[in-house]
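First the structure, in the form of structure tokens, and then the observations on it.
If you're wondering where the values come from, they're calculated on a predicted model, not measured in any experiment. Quick note on labels: first sequence line is chain A, next is B, and so on, each numbered from 1.
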Amino acid sequence: MTNLIKIAVRNLFRYKRRTLLTSSLIAFGVVLVIVFGGLAISFKTQMVGVITNTALGDLQIHRKGYVESIDNLPLNLSLSEAEYAVVESTLQAMPEIAAYSPRIKLGALISNYAQTSNIRLSAVRPELEQATVTDLVKRIRRMDPNQDHFLEPGEIIVPENLMKGLELTMGDEIVLIATNKDGSVNGIPVRVAGVIESVLGPMGKDGYIHFTDAMSLLRMEQPEIIEVAVKLKEFDELGRVYGALKQTFGSPQAVEEVHTWEQLSPFASIASIVDLLVIVVKFILISIVLVSILNIMTMSVYERVSEIGTIAAIGTPPRRILSMFLVEGFSMGLLSTAGGMLIGLGIIWLMNVTRIDFKFGPMEVSLAPSVPASEVILTVVIVMLVSLFASVQPAYKAAKLEPVDALGHV
Amino acid sequence: MSLIELQNVTKIYDTTGVSVEALKDITLSLDKHSFISFIGPSGSGKTTLLNLIGSLDKPTQGKVIVNGTDIAILDRAEAAAFRGSTIGFVFQNFNLIPVLTVYENVEYPLLMLKNIGVRDRRQRILTLLEQVGMIDQKDKYPNQISGGQKQRVAIARALVTSPKIVLADEPTANLDHATAFKVISIMHDMQKTFGTSFIFSTHDPKIVGEAELIYTLEDGVIVSQDNKQRRQS
């Protein structure tokens, strides 16, 4: 085998310029996959992080049917205290769960006594909310930055666009007016204690009030939980935990339903498009490798017909001739991939050193691309397999040459 | 039993509907340890005859038995194995592998065909290179040596697997007269040293003086046979 590799590498460098040109093309494809893959994965990870850690949580539990009519913020599709206790005990029994936060979601009118507008509100228990959506506080500009929790009873965190629209300033008193599930209208005064930056998707433009204020506004005697946001210790466990919860709450008698962030956020489609683009780039790489190796190996066989005749005449078995050309194509792929991988990882390192910041919609994103080892290995495996595959036809042709015809070839 | 036996061998090439009879009913018996030449003009059937003996091709009719093996019944892989164990080739265009050095070219058949230890392999190659006078050129590539030197390397390569027969098709066609004589002389020396049968073809009657047996071919038929004693007497 060592001799086959030695001969294959020497044959490759017999036509240095051609080999280098083809290798460069394949290496460029590998660089493209590694760099683009790194950027795409980094972008997706950051965006998913922003969405799950500042608003949605990793997954959410609602009363059955709530998500279907989520745009109407129905108050009648809530979990009673007893039902919430079941959810709570289920979550507490799962070691993968890091935190959870019960929420009341409601639509209300917000008035500064001169103007009135609509607002979507999340009523939360600040300590639980902070433990569940850990980056939420980073998106809130508070009147008093030294306060323990981002929200106290009697306070409201107003979305940035409403703050501007209603010309509100920190500390202003405003009135929230809402209709409860029985149709009764009520209003409470609250003080503007902070501004929240928008993020993508539902809840991206929600205001926040305290859980007790929502109960008072909606005249609830007992807490009626609309939504439970859940944070996992390890994000990678999402599929498994979702499956387990779905099994628990999946029976026809169960009143709850579980959704992952992907089912709740429109960014999931963007993430799928990003994944699709990475696959497209991989297909481009496959095409480059396939065409390049097939081309160079076919040329190689045609140029060396007489030589193939010689080695066949001196008794080299056809399968050994086949192996020789396969090893040649494989070596070409290996050399090119090694070069492309080094360049690609070098570019990613440079990007990490220099950092690329950009705005995606309302969000500031800082790209620090990184490629998981599995992606790099996959790229290498793809190139190697395609190189081998592309070499099969020319190698087969070489092995099938009749020595007497090949020797007579000029 | 003879080393090579051809019994009523006919070879017809059928290309694009035109049949060409390259060999016509040849019957021939060649012994071991001989130094034999086939001479004749281009198209007389010399190369076809050597191809059949070398199991590179199969007869249209008749039998070719080499070292007790009927080559007509061998498949591609068996024919390759047979060639690797029994036959060495020397070609008109030398056919050395350009990416390998002189040493590696001689080593190549051993790597591909025989399972020999590194030390024995090295010893065998160096001995052969010494005998063909190429030991001091062993690290050069084919494009760095002359035509005569290339043919000497090809002779060493043909002998390295210790074949019973070496077939040389027009080994001197691309060489000047002096070099051609030298190459034939080396082949003869090797035949005497190793007891390998050498069969070579040429269209140049001047260089066959050393051959023990000379067959003259014309239009696919052996028209005469001559041996050394008769020529000397």
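Note that the CG atom of N11(A) and the CG atom of L100(B) stand 7.5 Å from one another [nearest 0.5 Å]. Taken to the nearest 0.5 Å, the CD atom of E402(A) stands 5.0 Å off from the CZ atom of R76(B). With values rounded to the nearest 0.5 angstrom, R320(A) atom CZ is found 8.0 Å from L111(B) atom CG. Residue N51(B) holds its CG atom at 7.5 Å from CG of L407(A), rounded to the nearest 0.5 Å.
In this structure, chain A has heavy atoms under 4.5 Å from both the backbone and the side chain of N95(B). The part of E104(B) that comes within reach of chain A is its side chain, from C-beta onward, which places non-hydrogen atoms under 4.5 angstrom from that chain. Looking at Y141(B), the atoms closer than 4.5 Å to chain A (heavy atoms on both sides) all sit in the side chain, from C-beta outward.
Shown here for F89(B) and A313(A), the closest heavy-atom pair between the two residues is CE1-O, 3.1 Å. Scanning both residues, R83(B) and P403(A), for their nearest heavy atoms gives NH2-CG, 3.8 Å. Between A80(B) and P318(A), the closest heavy-atom pair is CB-CD, 4.3 Å.
Shown here is F82(B), whose CZ atom has more than 12 heavy atoms of other residues, nucleotides or ligands within 6.0 Å. Heavy-atom neighbours of F389(A) CZ from other residues, nucleotides or ligands within 6.0 Å: at or below the threshold of 12. Within a 6.0 Å sphere centred on NZ of K58(B), heavy atoms belonging to other residues, nucleotides or ligands number more than 12. Counting non-hydrogen atoms of neighbouring residues, nucleotides and ligands closer than 6.0 angstrom, the CG atom of D219(B) reaches no more than 12 such neighbours. In K63(B), the NZ atom is not crowded: 12 or fewer heavy atoms of neighbouring residues, nucleotides or ligands sit closer than 6.0 Å. Other residues, nucleotides and ligands place no more than 12 heavy atoms under 6.0 Å from the CZ atom of R319(A). Within a 6.0 Å sphere centred on OH of Y13(B), heavy atoms belonging to other residues, nucleotides or ligands number more than 12. Dense packing is recorded around CZ of F194(B), with more than 12 heavy atoms of other residues, nucleotides or ligands lying under 6.0 Å away.
Of the residues considered (S55(B), G88(B), P98(B)), P98(B) shows the highest number of contacts with chain A, using heavy-atom pairs under 4.5 Å.
Using a 4.5 Å heavy-atom threshold, the side chains of T310(A) and I97(B) count as separate. Between I314(A) and Y108(B), some side-chain heavy-atom pair lies under the 4.5 Å cut-off.
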